[in-house]
Every structure is written in C-alpha cells, then in structure tokens.
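Remarks on the structure that follows.
Since we're looking at a predicted model, the values are computed, not measured.
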Amino acid sequence: MAFLSRFAPRTPRALAPVLSAVLVGLLGAPSPVLAKAPAKPAVVAPKTASGSGPWLYRGSDVPQDKAWIFGVLPNGLRYAVRRNGVPPGQVSVRMLIDAGSLYETDPQRGYAHLIEHLTFRDSKYLKAGEAIPAWQRLGATFGSDTNAETSPTQTVYKLDIPDVSPAKLDETFRLLSGMITAPIFTDVGVKTEVPIVLAEMRERSGPQTRILDGTRAIFFAGQPLGSRSPIGTEETLNAATPAKVKAFHDAWYRPDNAVIVVAGDADPEALIARIKQWFGTWKGASFAKGKRPPLPDFGAPKPPVGGDPANPVGDAKVMVEPDLPRVFNYAVLRPWHKVQDTIVYNQGLMIDRLGIAIINRRLEGRARAGGSFLAASVEQQRISRSADATLVTVTPLTDDWKAAVKDVRAVIADALATPPTEEEIAREVAEFDVAFKVPVETQETLAGSKLADDITDAVDIRETVANPDTVYSIFRSSIPLFTPAAVLDHTRALFKGTVIRPVLITPKATDGTEADLRAALQAPVAPSSGSRLAASSLSFKDLPPIGQPGKLANAEGTGLLGIERIELSNGVKALLWSNEAEPGRVIVRVHFGGGYAVIDPKDAVYASLGETALMDSGFGTVGREDLDRLATGRKLSLDFDIDDTTFKFSADTRPADLADQLYLFAAKLAMPRWDANPVIRAQAAARLAYESTNASASSVLGRDVGWLLKDGDPRYAVPNPAEIARANPEGFRRVWSALLKQGPIEVDIFGDFNRDETVAALERTFGALPARDPLPATGFAPKVPEPVGDPLTLNHHGDANTAAALVAWPTGGGNAGVHESRQLELLAQVFNNRLFDAMREKIGASYAPQVSSNWPLDLPSGGYLAAMSQLRPGDLPAFFGATDKIAADLAAAPATPDEIARVTEPMKQLITRASTGNGFYMYQLEGGALDPDKFTQIRSILSDYSAITPERLQTLAKRYLVPGKAWRLRVVPGK
C-alpha cells in the first residue's frame with residue numbers, strides 16, 4: 001500500500017539539509033506513515049487476491065477505500081474520483097502520464113521534463129504565455145496550486161482550484177484537456193523553454209547535484225537509472241526540436257497510459273461527467289496506431305564479478321567535495337519485482353520497518369553516548385522500479401570515517417546475529433501504533449490534494465491505497481506476527497542482496513581509495529551488543545510535579561470565534577479555542593522571554609546552538625533517551641524556535657496527549673537540565689554543516705542574507721567554525737539558564753480539547769511556575785543596511801557558471817503598520833510577476849526569481865521588500881537592470897487591473913482556504929493574550945489582501961521603491 005512509507009531516521013537538525021540531498025534525490029521526499037484507532041479495531045483476515053474489481057485493486061486483497069470511485073473510459077483512460085471538503089470549495093486534479101526520464105532514449109534525455117514545461121507554454125486553449133495568468137485568474141497560485149513534476153517513472157500535472165463553481169470546473173477541465181491532449185510544439189516555444197530548463201539545471205547544480213548524480217551512477221551501474229536524471233543534459237536539450245519532442249509525446253501521452261485523479265468539494269458524478277466530456281474523445285497519435293509501445297527495460301542490479309556471494313561488495317566511488325562533510329553511504333541492492341499488494345505483503349513490510357526502526361534507535365543511542373559517528377541511519381526503498389535497496393548512511397564525527405563505518409556495521413551485525421528483545425519490539429510497536437492511529441483520529445482533516453497525491457503515488461509504485469481505519473486494522477491484526485524470530489529473519493533479508501556498493505563523500509582526496517571503501521565493508525566485524533538500549537518503564541506518573549498548582553485568576557471572551565483569554569494566578573496568560581474544526585488535532589504554542597532582542601551579541605553562537613541542543617538537554621533527571629521513552633506511543637513534540645522578540649515552544653499533538661505535552665514544556669522552564677552531550681553534538685553538526693554553505697551561490701545567499709539584512713547583527717548569523725569552537729557547554733548553560741527565566745509567558749492552545757480539563761492541566765503545569773525575571777531593556781531596532789554604491793560581493797566555491805543576486809528596499813515595522821505590510825505583499829507579488837516575465841520568460845536567465853516582503857510586526861523597524869534570483873554571472877547586470885526598471889515603472893504608473901486581479905484573487909482564495917483550519921488562526925493570533933491588538937488586526941486581513949486599487953499600489957511603490965535606498969548583494973564564484 002502506498003501509505004507504508006519509511007520512518008524518518010533521527011538526524012541532527014543542523015546536518016539534515018546536507019544528509020537529505022542524496023536520499024531525497026534517490027527516493028523522493030518521505031511521506032508520513034498513516035493512522036488512528038477505533039475502540040475495537042476489526043481484524044482484517046487475509047483473503048484471496050482478486051483479478052476483478054476497481055483497476056487499482058486488481059490482484060490485491062486489500063479492502064477498497066469506498067470513498068473513491070474508480071473507472072476506465074472506452075479509450076483506456078483510468079480515473080479515480082472522490083468527494084472531499086478539505087479545504088471547502090477546492091477541487092484537486094492530478095493528471096498522471098506513466099512515463100518519465102527512464103522512458104527516454106539517449107537522444108531524448110530531458111524530454112519528459114521539457115514536455116512538462118512546454119505543456120504549460122502553449123496548447124489548444126492556452127496560447128503562448130497565457131497559462132500562468134489564466135490559472136491565477138481562477139484563483140490558483142502558480143507554483144503551489146498549479147505545478148507539475150517529472151520523475152524517472154512518471155510525469156504528474158497538479159491543479160488545486162479554489163472556490164469551485166460549475167463554470168470554473170468546466171474551464172479547469174477544458175484548459176487541462178488542451179494542455180495534455182493537444183499541446184503545441186513550435187520552434188519559438190522550444191527555443192524559449194530550453195533556456196529556462198537550462199537555468200533550472202544551473203540553479204540545481206553544485207556539490208549536492210554532483211553527489212546525487214555520482215551516487216546514482218554507482219548504485220545503479222549498468223541500469224538506465226544510473227544516468228537518467230529527469231533534467232536531461234545540455235547536449236540533448238539544445239538539440240531539441242518540435243518534431244523530436246512531439247515524437248516522445250506521441251509515444252507516451254495516450255489515454256491508456258494516463259490516469260486522472262480528482263478529489264474535492266464537488267459532486268463526484270459531475271466530476272466524472274467532465275472527465276468523459278473533455279477526455280473521452282482523446283486518442284493520441286500512437287493510440288490511433290495500435291497498442292502502447294513496449295515498456296523500457298529498467299534492468300536489475302548485477303553481482304560483482306568474482307565477488308563473495310555472502311558479502312557481494314562491488315563497485316565503489318570516492319567523491320571529493322571540499323565544501324561538504326564526510327558521509328559514507330552504501331546500498332545493498334536487489335532486483336525490483338512487481339509485487340501483489342496483498343495484506344500478507346504489507347504485513348511483511350511492517351516487520352521490515354520494525355527491524356529498521358530498532359536498528360535506527362540503537363544507532364541513535366550509540367551516537368548520543370559518544371560514538372565515533374555523529375549520525376547514522378538505515379532506509380529501505382523500492383526505487384524507481386529499478387531496485388529494491390537497503391541504504392545505510394554514516395556521518396563520521398571526526399576525520400576517521402573507517403572507525404565510524406566499523407561502529408555502525410557492528411550495530412547492524414548485532415541486529416543480524418541476535419533477535420531483538422521483546423521490550424525493544426514493544427517500544428517500536430507502540431510508536432507504530434500512534435503513527436497508524438493519528439490518521440484515523442484526524443482523517444476528517446485530510447486535504448483533497450493529499451488524497452489525490454496518494455493515488456498517483458500508488459499508481460507509480462504499482463500498489464494500492466487504503467483508508468486509515470483499514471490501515472490501522474491491518475496493523476493491529478498483525479501484532480502477533482511481530483516476534484523476535486520474525487524480526488530477525490526480516491532484518492537479515494534486508495541486508496542480503498545481489499550487490500553492495502559504497503560511496504564516500506569527503507573534502508580530502510587523501511581520505512581513501514575505492515579499495516579502502518570495499519575493504520571497510522568486507523572486513524570482519526564483531527557484533528556490538530552494547531548498542532542495545534536497556535529496558536525502562538519510565539512514565540509521566542514517575543515525574544515530579546512542576547510545583548504548587550496555580551489557580552485560574554481570570555477568564556474572558558475575546559469576541560472572536562469563541563476564543564477565550566485566561567490568566568493564571570502566577571501571571572501566565574493563555575488563549576484557548578476549543579473547536580471541532582480538525583478532530584483529533586491540538587496545536588500548542590508557548591511564547592516566553594525576549595528572543596533575539598535579549599541575547600547579548602557576544603553570545604550569538606549560543607542562539608544557534610540553542611535551537612538545536614536546548615530541548616535535547618532534557619529537564620530535571622530526564623535526559624534525551626528518557627524523553628524518547630516518555631514519547632513512546634504518544635504524539636509529543638519538543639520544537640523550539642527563536643523569533644525577534646520571543647522564544648517559542650511548538651507542538652502538534654492530540655487530545656489524549658495534551659496534558660503531558662504541557663508538562664514537558666513547563667518542566668523545561670521549571671527545571672532545565674544541562675547535559676553537555678547535546679551541546680557537543682550540536683557543535684559538531686554545526687561545524688560539519690557550515691562548510692557546505694560555501695558550496696553554491698544559493699547556499700551562501702541563504703546563509704548570509706538574513707543577518708546582512710539586519711545590518712550585520714551577529715545574532716541572526718550562522719556561526720562560523722571558529723565561533724563554534726569557542727563555545728562550550730558551560731557557556732551554553734550560562735546563557736540559557738538566564739534566558740529561560742525571563743519574561744512573561746503566553747500559552748496558546750487551539751483545537752480539539754476539553755476546555756475544563758485543559759485549564760486544570762495549565763494550573764498544574766504553567767500555573768505552578770515561579771515568578772519570572774523581568775526582560776532587560778534593549779532598544780532593539782534592526783535596520784536594512786545603507787546602500788554602498790556597488791553591490792556587496794560575496795563568493796561561493798561552486799560552479800563557475802552560477803551566481804545569485806539580491807536587491808532590498810527598506811520598508812518599516814511594527815503593529816501600527818500591519819495594514820500597509822499586507823498591501824506591500826501584494827506589491828511584491830506584482831513585482832514578482834513582472835520579474836518572472838523579464839528574467840525567465842524573455843531571456844531565460846533565471847528559473848525562479850522571487851520577490852517577497854518582510855515587515856516585522858514586533859519590531860519598530862527592519863522591514864524590507866527584496867528581489868532575489870539565481871543566474872549566470874554574466875546575467876547579473878540584466879537582473880539589477882530589470883529590478884531597477886520594474887521598481888521605477890511601478891512608481892511611475894499604476895499597475896493594470898488585470899495585474900491586480902492576478903495577485904488579489906489567489907491571495908483571497910489562499911486566505912479563505914487557510915482560514916478553515918486552526919493553524920491559520922494560531923499564526924495570526926499567537927501572542928494575542930499579551931497583545932490584544934492581534935484580534936483587531938485579523939478582522940481586516942481579507943480586505944487588506946484582496947481589496948487594493950492600482951493607485952494605492954503605485955503610492956506604495958513611490959514610497960518604498962526609491963532608487964537611492966536599494967541595497968544590493970551579489971554572490972559570484974571565487975575563494
């Protein structure tokens with residue numbers, strides 16, 4: 001079933017972007033494992049797989065999700081349709097073509113993706129340049145509501161259309177049918193779109209892409225996937241012609257090779273009628289000639305010549321990237337086979353996941369205890385119908401990657417030698433239980449877009465979908481199968497394969513050879529039984545009280561949606577909104593202290609380390625491992641962030657866990673623990689991650705723009721290795737022990753909870769905290785730096801043909817300007833549309849230029865409107881010239897009514913859709929217990945964002961887009 005996705009390994013936050021590049025590139029982004037529980041789940045008994053029934057379920061005995069209506073048109077087009085009202089008024093359409101980069105011939109490399117671009121450029125009902133404005137006028141935001149994706153095995157067109165009406169549905173299906181069945185390939189279109197694709201290729205280039213391509217080439221050596229990146233090559237793209245592109249389209253864009261999925265707030269029969277109306281007569285060039293072309297052979301992993309069948313280590317590769325940390329990856333590869341997606345098959349997957357979860361927990365425990373590796377994880381995936389792979393990733397703590405690999409292999413060897421304990425299995429089963437239970441509790445909140453994506457994912461991997469109740473029922477009925485012997489057998493199978501292939505990413509060529517990599521995996525290794533975690537029965541009832549419970553001192557309505565403002569006897573304030581908009585979900589935010597404003601600039605390094613290490617330090621006698629045990633089988637979070645003028649704890653929990661979630665947050669403030677290990681690990685992760693920020697123009701821009709636009713304030717900077725080295729656990733404790741005691745506290749709780757029980761929990765937790773220290777006066781008022789003539793120049797170490805640029809105009813800050821801040825966002829979007837047209841459409845210099853407005857409501861200054869782009873160094877003058885011209889034009893003349901409509905309609909629909917969930921109100925109102933003005937400000941949000949005149953937009957442009965005030969930055973190749 002498509003829902004049985006992998007569990008995410010535990011990775012230090014500072015390293016996550018670095019480590020995710022290879023696995024996400026190979027596997028795709030992880031999907032959550034689904035779930036919730038009926039009181040007495042029905043046992044789903046395996047039954048005989050059927051060859052009849054809905055097309056998605058043929059050959060499967062998985063119970064059909066009856067909410068979906070499946071069908072096949074006479075021309076072979078498959079469809080799946082269902083009603084879904086999340087968010088209200090929206091219809092999500094997915095058009096899947098079962099062809100991606102693996103379907104290309106060598107001269108066609110990149111054509112599947114190029115067709116995706118050309119389909120949006122020119123088609124039967126949307127002439128050149130009309131697609132983006134047309135979808136915007138329908139209220140869809142380009143890039144999020146209207147998009148497409150090309151993978152090695154499929155191309156998916158995605159439309160999320162808000163505020164549907166019969167007329168809008170007709171228009172949506174009409175336009176989409178023209179795009180899919182009758183795109184227009186012209187010389188002008190190809191010559192215009194190829195530079196845009198090449199710009200996309202440049203913007204994604206750099207060390208991460210080289211690692212991905214190099215790893216793919218080794219792991220899938222001898223298979224098309226080894227060299228078939230969807231982006232293609234410069235040679236094949238520059239050789240593209242309308243005739244060549246049309247040949248690929250004619251072969252694979254045919255009704256019997258396509259699936260349309262629609263989920264939304266509309267009558268399913270009306271949706272099916274439109275599918276038949278607009279796609280029923282579709283033939284396609286090759287369809288008219290007969291059967292679909294034979295599917296390409298994706299190949300299979302081959303054993304190494306003369307290798308050891310018991311440990312078949314084959315090809316290896318050392319990739320030297322001076323700006324990246326050491327990472328050792330290896331893959332145990334088996335041939336991919338189409339499976340019968342039965343209940344028994346899915347039960348086997350659950351046992352696989354159980355074995356992997358036990359290994360990953362042991363690896364994390366070993367790393368925390370001072371192992372030779374900072375992080376390590378195991379994943380298993382069936383990749384692009386090309387291989388069934390078990391992937392191991394190791395990040396050494398020091399230069400000694402061999403010791404790290406040996407330690408990780410020792411942990412895995414123990415899992416292969418001895419069955420896990422009953423206690424280990426029970427712990428992971430409890431985690432699985434909550435993972436499968438939560439979607440049952442929250443299934444009424446599943447968005448139509450997510451449900452539609454689930455179907456396209458299932459088609460791609462040749463499996464089925466099931467509703468959350470079925471998933472949970474299958475899981476519960478499978479628990480007796482989760483025996484130590486079964487887990488051992490499945491774990492052993494996961495580490496057996498046709499071939500094992502390693503890759504070392506290293507900053508130094510002297511670190512090792514390919515022979516060293518093979519030797520590291522061929523060397524005997526003794527099982528490390530010390531990696532097993534000791535049994536423990538720690539629970540919340542064993543924890544000490546926060547203190548003497550407080551009392552509810554005051555409760556009053558806010559006059560908005562039943563939201564209540566309360567105050568406890570110790571001065572803690574809270575916003576409570578108990579509602580049933582999202583059953584089974586509760587959002588918690590805790591604001592305290594003074595944020596960046598109260599951190600001494602000389603202690604800036606501890607701000608960054610605090611975001612990573614503060615919560616891992618635990619509280620009282622409860623360390624990180626204890627926190628994991630407390631969270632077993634629960635939906636609890638320990639998220640921590642720093643804002644301009646506040647610190648923030650965040651959690652997305654459920655009603656049953658709310659009281660304990662509040663205890664965790666209050667305990668962190670009442671009795672913080674100062675364990676040195678999380679700080680030391682955070683330092684190591686930050687040090688390893690920092691050098692990777694030099695690797696490309698975009699990473700340098702992302703690293704430095706935040707603090708540079710705060711006039712170089714070090715509190716907003718990513719600390720460099722020298723600053724990290726000077727930090728220590730004692731300094732961390734000195735800084736954070738003071739910060740945790742300061743300032744007022746506000747607790748915001750929105751969602752599905754019992755009001756009286758929650759007030760009682762607040763009295764026991766936050767109401768029991770001692771008096772708070774006052775916030776120090778800071779006079780904190782950051783500002784955008786003054787222009788300095790030529791752009792400030794930074795250097796990156798990446799590809800010589802890539803650069804990045806930014807122009808920022810200072811605006812303002814503070815609550816008093818909230819209405820203007822919203823209208824500045826509309827100005828930024830009009831600016832963005834013009835810059836998109838100038839840099840992407842007209843000269844192909846940039847794939848995705850961006851313009852945004854930032855107005856800090858909690859600070860008196862520091863806002864800015866910024867335009868940024870990645871591009872070639874030679875296109876920097878064009879970017880700066882385009883931004884100057886657009887700014888001047890917006891100030892000189894009003895925007896057209898159509899330009900206004902193209903930004904206000906999507907924004908209005910975005911707000912309307914978002915306002916059906918608690919997250920929207922939490923974001924808008926958090927802090928409102930301390931600042932009641934938030935409730936006044938939210939009342940005007942829709943009018944501020946959706947009602948603006950061209951003249952008002954021009955006035956804003958005149959006020960802020962002043963030529964002499966623009967601050968410029970460029971990032972160019974260099975050391």
Side-chain angles (χ1 to χ4, degrees), residues 75-77 95-132 148-157 174-202 224 227-258 278-279 281-298 840-845 847:
N75 61 5
L77 176 68
M95 190 80 199
L96 181 154
I97 304 299
D98 204 28
S101 59
L102 290 180
Y103 291 67
E104 300 162 348
T105 63
D106 280 343
Q108 292 176 329
R109 289 172 63 180
Y111 282 16
H113 176 246
L114 178 59
I115 286 173
E116 169 202 314
H117 280 244
L118 291 168
T119 297
F120 274 95
R121 171 157 295 281
D122 200 351
S123 59
K124 183 175 181 179
Y125 303 115
L126 286 167
K127 300 308 180 186
E130 291 182 357
I132 294 174
E149 297 175 355
T150 303
S151 75
T153 51
Q154 66 174 200
T155 304
V156 182
Y157 297 85
R174 184 179 77 93
L175 298 181
L176 179 62
S177 72
M179 291 169 57
I180 300 300
T181 70
I184 298 171
F185 304 129
T186 65
D187 285 329
V188 172
V190 171
K191 289 178 181 177
T192 302
E193 207 63 44
V194 164
I196 294 172
V197 175
L198 294 176
E200 181 180 359
M201 181 187 295
R202 285 194 307 273
S227 60
R228 281 293 188 275
S229 170
I231 199 70
T233 70
E234 288 193 46
E235 179 183 8
T236 55
L237 289 169
N238 282 323
T241 66
K244 292 177 180 179
V245 172
K246 187 175 184 299
F248 185 89
H249 187 276
D250 287 348
W252 300 111
Y253 278 64
R254 43 186 290 152
D256 57 353
N257 197 46
W278 292 104
F279 291 94
T281 59
W282 178 25
K283 299 294 184 184
S286 65
F287 183 82
K289 297 177 182 178
K291 293 183 178 180
R292 182 171 58 179
L295 294 177
D297 181 4
F298 295 169
R840 171 174 162 144
E841 296 296 305
K842 287 189 170 62
I843 64 175
Y847 172 63

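With sequence neighbours excluded, the residues forming a salt bridge (charged side-chain N to carboxylate O under 4.0 Å, His left out) with Asp98 are Arg385, Arg462, listed by chain and number. Contacts of Glu149 classified as side-chain contact (heavy atoms from CB on, under 4.5 Å), with partners at least two apart in sequence or in another chain: Lys158. Applying the salt bridge (charged side-chain N to carboxylate O under 4.0 Å, His left out) criterion to Asp297, with sequence neighbours excluded, gives no partner residue. Under the side-chain contact (heavy atoms from CB on, under 4.5 Å) criterion, Pro296 pairs with Tyr103, Trp252, Phe298, not counting sequence neighbours.
Here the shortest heavy-atom pairing between Arg254 and Pro293 reads NH1-CD, 4.0 Å. Nearest heavy-atom pair across Lys127 and Asp122 is CA-OD1, 3.5 Å. In terms of heavy-atom proximity, Leu237 sits nearest to Ile231 at CD1-O, 3.5 Å. Closest approach of Ser123 to Gly178, counting heavy atoms only: CB-O, 3.4 Å. The minimum heavy-atom distance linking Ile115 with Phe248 is given by the pair CD1-CD2, 3.5 Å.
With hydrogens and angles ignored, the 3.5 Å screen pairs a side-chain donor or acceptor of Asn238 with a backbone N or O of Glu234. Looking only at distances, no side-chain donor or acceptor of Arg228 sits under 3.5 Å from a matching main-chain atom of Leu102. In this structure, Thr236 contributes its side chain and Pro107 its backbone to no donor-acceptor pair below 3.5 Å.
Residues in residues 111-120 take part in these side chain to side chain donor-acceptor pair (under 3.5 Å) pairs, two or more places apart or across chains: His113-His117, His113-Glu200, Glu116-Thr150, His117-Glu193, His117-Glu200, Thr119-Tyr157.
Once rounded to the nearest 0.5 Å, the distance linking CG of Leu175 with CG of Leu126 reads 4.5 Å.
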Could you go through residues 180-191 and list every donor-acceptor pair under 3.5 Å that involves a side-chain atom there, pairing it with any protein atom two or more places apart or in another chain?
from: Thr181; atom 1: OG1; to: Ser177; atom 2: O; distance (Å): 2.6
from: Thr186; atom 1: OG1; to: Gly189; atom 2: N; distance (Å): 2.9

* Test side chain to side chain contact (heavy atoms under 4.5 Å, CB included) applied to Gln108 and Lys244, step by step -> CA-CA 8 Å; Gln108 292 176 329; Lys244 292 177 180 179; over 6 Å; no
